[in-house]
Amino acid sequence: MADLSNLRNAFASGITKPLAWRREQLGLLQQLLRDHETELMNALQQDLGKPAAESWSTELGFLHRDIRHTLKNLSRWSKPQRVKQPLLAWPGRSEIRPEPLGVVLILGAWNYPLQLLLSPLVAAIAAGNCAVIKPSELAPATAALLEKLIPDYLSGSCVRIVTGDAEVASKLLEQRFDHIFYTGGSRVGKIVMRAASEFLTPVTLELGGKSPAVVLADADIKVAAKRVAWGKWLNAGQTCIAPDYLLVEDAVYEKFVEALQSAIAELYGDQVADNPDFGKIINAQHWQRLEGYLSDGKVAYGGQRDAARRFFAPTLLTDCSNESAVMQEEIFGPILPIVKIRNLAEGIDLIQARPKPLALYGFTTSDKAIEQLEQVAAGSQCFNDTLMFMLNHNLPFGGVGNSGMGRYHGYFGFTTFSHMKAVMKRSSWPDPDFRYPPYTGFKDKLMRWLTGGSK
Ligand code: NAD
């Protein structure tokens, strides 16, 4: 178990404050990713059957871009930001100073076991914190490799990796941290928040939920189908922001289902089981959970599976009732239910009847429809594509309501791991009398005038 006193002492010594230290650590993390790229890709392959191209685009390459973006902007982000001074406090100056929080805890999830652990770490280091990181036990090869590599690269007195299961995570949560950043499901999210409340520790919860994709009749059906297929079956559907269910307008329903079948065939061929470009399900328990959903509707495509290899083909499910488990729970796998809607209004009603999703996708060429969908609450939205907003480090990433709280990526990660401290500096002279008692009619008038509240 991590002894936090070492990390606390290191933080108190001020070692993490200079930008030079932060840059050095980020550079070392970059070096780790470069030096051990093949081993990391092999671990991801072992845990999730991740094709090398996906390991690059969604894990290693993502992190390289994240670090580069952070290094490029770090000095600007960390500078005190001057803000206007109210008349009442003249002469003087006000500024916002980002301040590191202290020792933070990062709990990663298994589906992108590198990215979801190390991207928050990039932000934590950039903001000048010490960190304890815990990879998910469900991606054991990646966790074991990181446990070996992290101490070889990053400062041991400031960054500690702890591996283990829920019991280890619970023990960690018994300690006081200055921030907890958790990625995973909402059940554990509640446990994390309860534990954090003991010390009034702020939390970021990156959760999941059911992310809908709406396909309207005026969409480019072929491109929409291909982009839905890509976003859904990347990592065998185990992506928090993958389209969880489709709402397709009546007029193009048949055409879209056909286009989706063609897109799957084009992307993965007809022997998906042997296709190295298609990942596998994380473990037997999740595989069985997914199999249970098949009886919730009619399998319109796919359905092939092999428990021994944890293979589960891209599967389209139609005729699912709104009350069925597949339409109530987050699927987090390669099954995609397709629901027919009469029009956009019906689709919006269906979405708004559920908890606010992590992502919302809309496929349409109509600006008016986009404007209507923009009114719907969601963690993120993307029109005429899926997942691509993740590529933009200038956008915040995080859920709302049941899909999470807080945000990160780029500057938003930096502020998540910083206290944005308000600082006002004044001089002792002049020291006019009007704000001090004893209050008089004149003082009151002057005060009202200066604060813009004069009658
Ligand atoms: P998981 O099982 O990997 O758990 C996440 C972390 O919580 C792990 O480090 C684990 O050790 C820890 N944990 C497990 N049980 C615990 C307990 N009782 N007490 C304390 N800690 C405990 O992840 P999961 O929950 O299976 O992940 C899947 C969910 O995560 C899905 O809902 C998905 O949508 C969501 N997710 C969200 C994001 C996002 O960025 N918003 C990304 C990936 C996954």
Side-chain angles (χ1 to χ4, degrees), residues 1-2 47-48 58-59 62 66 105-121 123 132-140 142-143 146-147 161-175 177 180-196 198 201 203-211 231-232 234-245 281-283 285-287 289-290 328-333 355-359 378-380 387 389-390 395-409 412-413 416:
M1 185 55 53
D47 285 331
L48 285 142
T58 64
E59 305 252 26
F62 180 95
D66 191 13
L105 173 64
I106 297 169
L107 297 170
W110 52 262
N111 56 333
Y112 292 90
L114 265 192
Q115 189 219 117
L116 298 175
L117 187 76
L118 299 185
S119 179
L121 179 64
V132 175
I133 58 175
K134 196 196 89 60
S136 170
E137 67 277 20
L138 299 191
T142 310
L146 285 176
E147 186 181 27
I161 178 163
V162 177
T163 56
D165 58 10
E167 207 175 309
V168 171
S170 310
K171 281 264 169 274
L172 280 172
L173 290 171
E174 284 171 15
Q175 309 195 54
F177 287 92
I180 301 176
F181 190 104
Y182 166 80
T183 304
S186 52
R187 184 189 64 83
V188 177
K190 288 177 192 170
I191 297 175
V192 169
M193 203 165 167
R194 232 175 272 135
E198 197 54 43
T201 300
V203 291
T204 302
L205 300 179
E206 294 285 341
L207 309 177
K210 291 186 84 62
S211 296
K232 176 67 187 181
L234 184 92
N235 203 23
Q238 301 163 111
T239 302
C240 56
I241 48 169
D244 182 276
Y245 62 102
I281 305 306
I282 187 74
N283 60 26
Q285 200 189 338
H286 276 283
W287 189 94
R289 179 182 62 80
L290 291 165
Q328 289 296 323
E329 298 166 5
E330 178 182 1
I331 299 168
F332 216 51
K356 294 169 185 170
L358 184 58
S380 305
L387 316 193
F389 62 92
M390 286 288 279
L395 288 173
F397 177 67
V400 55
N402 274 39
S403 54
M405 61 180 73
R407 61 209 62 79
Y408 71 131
H409 287 183
F412 302 95
T416 284

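For ligands, and for the atoms within them, numbers begin at 1 and follow the listed sequence.
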key: Separation of Tyr182 OH from Met405 CE (nearest 0.5 Å)   = 12.5 Å
ask   = What distance do Lys134 atom NZ and Thr163 atom OG1 have between them, rounded to the nearest 0.5 Å?
value = 7.5 Å
note = Near Leu358 (heavy-atom distance under 4.0 Å), the atoms of ligand 1 are 41 (N)
request  = Would you check whether Ser136 has a nitrogen or oxygen atom less than 3.5 angstrom from a nitrogen or oxygen atom of ligand 1?
outcome  = yes
request  = With side-chain contact (heavy atoms from CB on, under 4.5 Å) as the test, would you mind laying out the steps for Phe397 and Cys240 before giving the verdict?
outcome  = CA-CA 12 Å; Phe397 177 67; Cys240 56; 4.3 Å; yes
key: Sub-4.0 Å atoms of ligand 1 with respect to non-hydrogen atoms of Glu206   = 37 (C), 38 (C), 39 (C), 40 (O), 41 (N)
remark   = Rounded to the nearest 0.5 angstrom, the CG-NZ distance for Leu234 and Lys232 is 11.5 Å
key: Protein residue, atom and distance nearest to atom 17 (C) of ligand 1, heavy-atom basis   = Ala166 CB, 3.8 Å
inquiry  = Taking the six-membered ring for Trp, are Phe389 and His409 closer than 6.0 Å centroid to centroid?
reply    = no
remark   = Here the gap from Leu117 atom CG to Glu59 atom CD, rounded to the nearest 0.5 Å, amounts to 10.5 Å
key: Closest approach of any protein heavy atom to atom 1 (P) of ligand 1, naming residue and atom   = Trp110 CD1, 3.6 Å
message = Starting from atom 40 (O) of ligand 1, what is the nearest protein heavy atom, named by residue and atom, and what distance separates them?
response = Phe397 CE2, 3.2 Å
request  = Kindly identify the option in Gly404, Gly108, Ala169 whose heavy atom sits closest to atom 8 (C) of ligand 1.
outcome  = Gly108
request  = Kindly indicate whether the side chain of Leu146, heavy atoms from C-beta on, has any atom under 4.5 Å from the side chain of Thr142.
outcome  = yes
task = Measure the distance from atom 11 (O) of ligand 1 to every protein heavy atom, then report the residue, atom name and distance (to 0.1 Å) of the closest one.
result = Glu137 OE1, 2.6 Å
remark   = In ligand 1, the atoms that come under 4.0 Å of a heavy atom of Asn111 are 43 (C), 44 (C)
message = Starting from atom 38 (C) of ligand 1, what is the nearest protein heavy atom, named by residue and atom, and what distance separates them?
response = Cys240 SG, 3.2 Å
task = Not counting sequence neighbours, which residues clear side chain to side chain donor-acceptor pair (under 3.5 Å) with Glu206? List them please.
result = none
task = Kindly identify the option in Gln115, Lys190, Glu330 whose heavy atom sits closest to atom 31 (C) of ligand 1.
result = Glu330
request  = Using distance alone, determine whether Gly185 and ligand 1 share an N or O pair under 3.5 Å.
outcome  = yes
message = Within ligand 1, which atoms have a heavy atom of Leu173 less than 4.0 Å away?
response = 20 (C)
task = Could you check which of Leu138, Leu207, Asp165 puts a non-hydrogen atom nearest to atom 37 (C) of ligand 1?
result = Leu207
task = Check each of Ile241, Leu205, Val188 against atom 16 (C) of ligand 1 and report the one with the nearest heavy atom.
result = Val188
Could you list the donor-acceptor pairs under 3.5 angstrom formed by side chains in residues 105-116, with sequence neighbours left out?
residue : atom : partner : partner atom : Å
Asn111  : ND2  : Gln238  : O            : 3.1
Tyr112  : OH   : Thr239  : OG1          : 2.5
Gln115  : NE2  : Thr58   : O            : 2.7

request  = Please round to the nearest 0.5 Å and tell me the distance separating atom CZ of Phe412 and atom OG1 of Thr204.
outcome  = 13.5 Å
query = Has Glu198 got more than 12 heavy atoms of other residues, nucleotides or ligands less than 6.0 Å from its CD?
reply = no
request  = Return the residue, atom name and 0.1 Å-rounded distance of the protein heavy atom closest to atom 35 (C) of ligand 1.
outcome  = Gly184 O, 3.4 Å
ask   = Got the closest protein heavy atom to atom 7 (O) of ligand 1, with its distance?
value = Tyr182 CE1, 3.3 Å
key: Shortest protein contact, atom 28 (C) of ligand 1 (heavy atom only)   = Phe332 CE2, 3.6 Å
Backbone or side-chain N or O of Ser403 under 3.5 Å from ligand 1 N or O = no
Atoms of ligand 1 close to Thr183 [distance to a heavy atom under 4.0 angstrom, numbered from 1] = 5 (C), 37 (C), 38 (C), 39 (C), 40 (O), 42 (C), 43 (C)
task = Indicate yes or no: does an N/O atom of Lys134 lie under 3.5 Å from an N/O atom of ligand 1?
result = yes
query = Taking N or O atoms only and a 3.5 Å limit, does Ile191 qualify as a polar contact for ligand 1?
reply = no
inquiry  = Only heavy atoms of Ala109, strictly under 4.0 Å: list the atoms of ligand 1 that pass.
reply    = 3 (O)
task = Mind listing the closest non-hydrogen atom pair of Pro135 and Ile133 along with its distance?
result = CD-O, 3.9 Å
task = Among Asp244, Asn402, Leu358, find the residue that satisfies the side-chain contact (heavy atoms from CB on, under 4.5 Å) test when tested with Lys210.
result = Asp244
Approximate separation, where rounding is to 0.5 Å, of Ile241 CD1 and Ser211 OG = 8.0 Å
